[in-house]
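For reference, the structure is listed below as structure tokens.
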Amino acid sequence: MSGNNGIIIRSTDGGNSWKTMNTKTTEQLWGIHFIDANIGISVGSNGTILRSINGGTDWSLIQSGIQNLFYDVYFTKSGVGFASGSNVLYKSIDFGENWFPILDFPFESPADWIRSIKMVNEDVGYACADIGRIYKTMDGGDHWI
């Protein structure tokens, strides 16, 4: 689980006990997703993207180059991922090592904060934004309607 002040807590016993991990950040972390037992991504305020390759024990900062808020992160089994937030949608095709913006996402003014994003399979996915907006992709997240 992730939260305020850069907190990520981990349980290895089904939730009976929790240990605080060292993220080396004080940013708010709103989204977290583990692709497998080792690789995890957490996202949050000020464009924060963190990546772990050892089950959440250690976290490294991935430079996003933006100050937007990231609210959610989701990966497919093949390692294609999305980080969504305040007027921003980023994509990774290499298990979260590198990220790039989806430039032609149809954001609506004045603000389109994508709070949740999920892929049904490798091609079809949904992004839910404020004010009841729902976006859909049918080509693996390259284009959205």
Side-chain angles (χ1 to χ4, degrees), residues 1-122 125-137 140-144:
M1 288 192 276
S2 62
N4 292 341
N5 297 314
I7 193 168
I8 291 180
I9 58 176
R10 179 177 76 172
S11 176
T12 58
D13 61 5
N16 291 318
S17 63
W18 296 87
K19 182 178 179 186
T20 300
M21 312 301 355
N22 183 8
T23 62
K24 301 178 194 130
T25 186
T26 57
E27 298 294 344
Q28 296 173 328
L29 300 174
W30 289 300
I32 191 167
H33 182 90
F34 272 81
I35 302 163
D36 58 28
N38 293 309
I39 301 173
I41 305 292
S42 184
V43 297
S45 60
N46 291 314
T48 300
I49 301 174
L50 300 176
R51 185 171 188 260
S52 176
I53 58 171
N54 61 3
T57 300
D58 299 300
W59 294 86
S60 299
L61 179 66
I62 305 290
Q63 296 296 330
S64 69
I66 61 170
Q67 297 298 309
N68 300 59
L69 309 174
F70 282 121
Y71 290 114
D72 198 16
V73 60
Y74 187 84
F75 277 83
T76 66
K77 292 179 184 177
S78 67
V80 175
F82 300 90
S84 63
S86 59
N87 294 319
V88 64
L89 179 62
Y90 267 46
K91 183 176 181 179
S92 172
I93 57 173
D94 57 6
F95 295 90
E97 285 190 58
N98 298 285
W99 294 85
F100 58 90
I102 302 295
L103 297 175
D104 66 346
F105 191 89
F107 291 109
E108 293 187 33
S109 296
D112 219 355
W113 292 21
I114 303 171
R115 306 286 184 159
S116 181
I117 188 162
K118 299 290 182 269
M119 297 297 289
V120 176
N121 55 43
E122 298 296 324
Y126 297 90
C128 296
D130 287 344
I131 315 171
R133 295 180 183 135
I134 299 173
Y135 298 95
K136 181 178 182 179
T137 182
D142 291 329
H143 302 93
W144 295 79

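Every value quoted in this text rests on a predicted model; they were computed, and no experiment measured them.
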Open item on the list: Heavy-atom count check: over 12 atoms from other residues, nucleotides or ligands less than 6.0 Å from Ile35 CD1?
Closed with: yes
Open item on the list: Please report the interatomic distance CG(Asn54) to CE(Met21), rounded to the nearest 0.5 Å.
Closed with: 8.5 Å
Open item on the list: Run the side-chain contact (heavy atoms from CB on, under 4.5 Å) test on Arg115 and Asp130 for me, step by step, so that the C-alpha distance in whole Å, both residues' side-chain angles and the decisive distance to 0.1 Å come before the verdict.
Closed with: CA-CA 7 Å; Arg115 306 286 184 159; Asp130 287 344; 2.9 Å; yes
Open item on the list: Parallel, tilted or perpendicular, judged at 30° and 60°: which one describes the rings of Phe82 and Trp144?
Closed with: perpendicular
Open item on the list: Strictly distance-based, threshold 3.5 Å: is any side-chain N or O of Ser42 a donor or acceptor partner for the main-chain N or O of Leu29?
Closed with: no
Open item on the list: How about CD1 on Ile102, more than 12 heavy atoms from neighbouring residues, nucleotides or ligands closer than 6.0 Å, or not?
Closed with: yes
Open item on the list: Are the side chains of His33 and Val43 in contact, using a 4.5 Å heavy-atom criterion?
Closed with: no
- [ ] Enter the distance from Asn121:CG to Thr76:OG1 here, rounded to the nearest 0.5 Å.
- [x] 9.5 Å
TODO: Mind listing the closest non-hydrogen atom pair of Glu122 and Ser78 along with its distance?
DONE: OE1-OG, 2.5 Å
TODO: Please step through side-chain contact (heavy atoms from CB on, under 4.5 Å) for the pair Tyr126 and Ser116, ending with a clear verdict.
DONE: CA-CA 8 Å; Tyr126 297 90; Ser116 181; over 6 Å; no
Open item on the list: For Lys19, is the NZ atom crowded, meaning more than 12 foreign heavy atoms sit under 6.0 Å from it?
Closed with: no
Task: Any side-chain donor near an acceptor of the partner, Thr23 and Thr25, under 3.5 Å - done: no
TODO: Report yes or no: does Thr26 contribute a side-chain atom to a donor-acceptor pair with the main-chain N or O of Asn5 at less than 3.5 Å?
DONE: no
Open item on the list: Run the side-chain contact (heavy atoms from CB on, under 4.5 Å) test on Lys91 and Phe105 for me, step by step, so that the C-alpha distance in whole Å, both residues' side-chain angles and the decisive distance to 0.1 Å come before the verdict.
Closed with: CA-CA 12 Å; Lys91 183 176 181 179; Phe105 191 89; over 6 Å; no
Task: Over all atoms of both residues, closest heavy-atom pair of Trp59 and Lys24 - done: O-NZ, 3.9 Å
Task: Flag for Ser92-Asp94: side-chain donor and acceptor within less than 3.5 Å - done: yes
Open item on the list: Please report the interatomic distance CG(Leu50) to CD1(Ile62), rounded to the nearest 0.5 Å.
Closed with: 8.5 Å
TODO: Could you list the residues that satisfy side chain to side chain donor-acceptor pair (under 3.5 Å) with Asn87, not counting sequence neighbours?
DONE: none
Open item on the list: Using 0.5 Å steps for rounding, measure from the CZ atom of Arg51 to the CD1 atom of Ile41.
Closed with: 5.5 Å
Task: side chain to side chain donor-acceptor pair (under 3.5 Å) against Asp13, all qualifying residues, sequence neighbours excluded - done: Ser11, Ser17
TODO: Nearest 0.5 Å please: distance from the OG atom of Ser45 over to the CD atom of Glu27.
DONE: 3.5 Å
Task: From Thr48, Leu89, Ile114, Ile49, residue fulfilling side chain to side chain contact (heavy atoms under 4.5 Å, CB included) relative to Phe70 - done: Ile49
- [ ] Answer yes when Lys118 and Asp72 have at least one side-chain N-carboxylate O distance shorter than 4.0 Å, and no when they do not.
- [x] yes
- [ ] Kindly say whether Asp58 contributes a backbone atom to a donor-acceptor pair with the side chain of Ser52 at under 3.5 angstrom?
- [x] yes
Open item on the list: Rounded at 0.5 Å granularity, tell me how far CD1 in Ile93 sits from CG in Asn98.
Closed with: 8.5 Å
- [ ] Decide yes or no for Tyr90 and Ile66: does some side-chain heavy atom of the first lie under 4.5 Å from some side-chain heavy atom of the second?
- [x] yes
TODO: Report the C-alpha distance between Phe34 and Ile32 in whole Å, list the side-chain angles of each, state the deciding distance to 0.1 Å, and finish with yes or no for side-chain contact (heavy atoms from CB on, under 4.5 Å).
DONE: CA-CA 7 Å; Phe34 272 81; Ile32 191 167; 4.1 Å; yes
Task: Backbone N/O of Gly47 and side chain of Ser64: donor-acceptor pair under 3.5 Å - done: yes
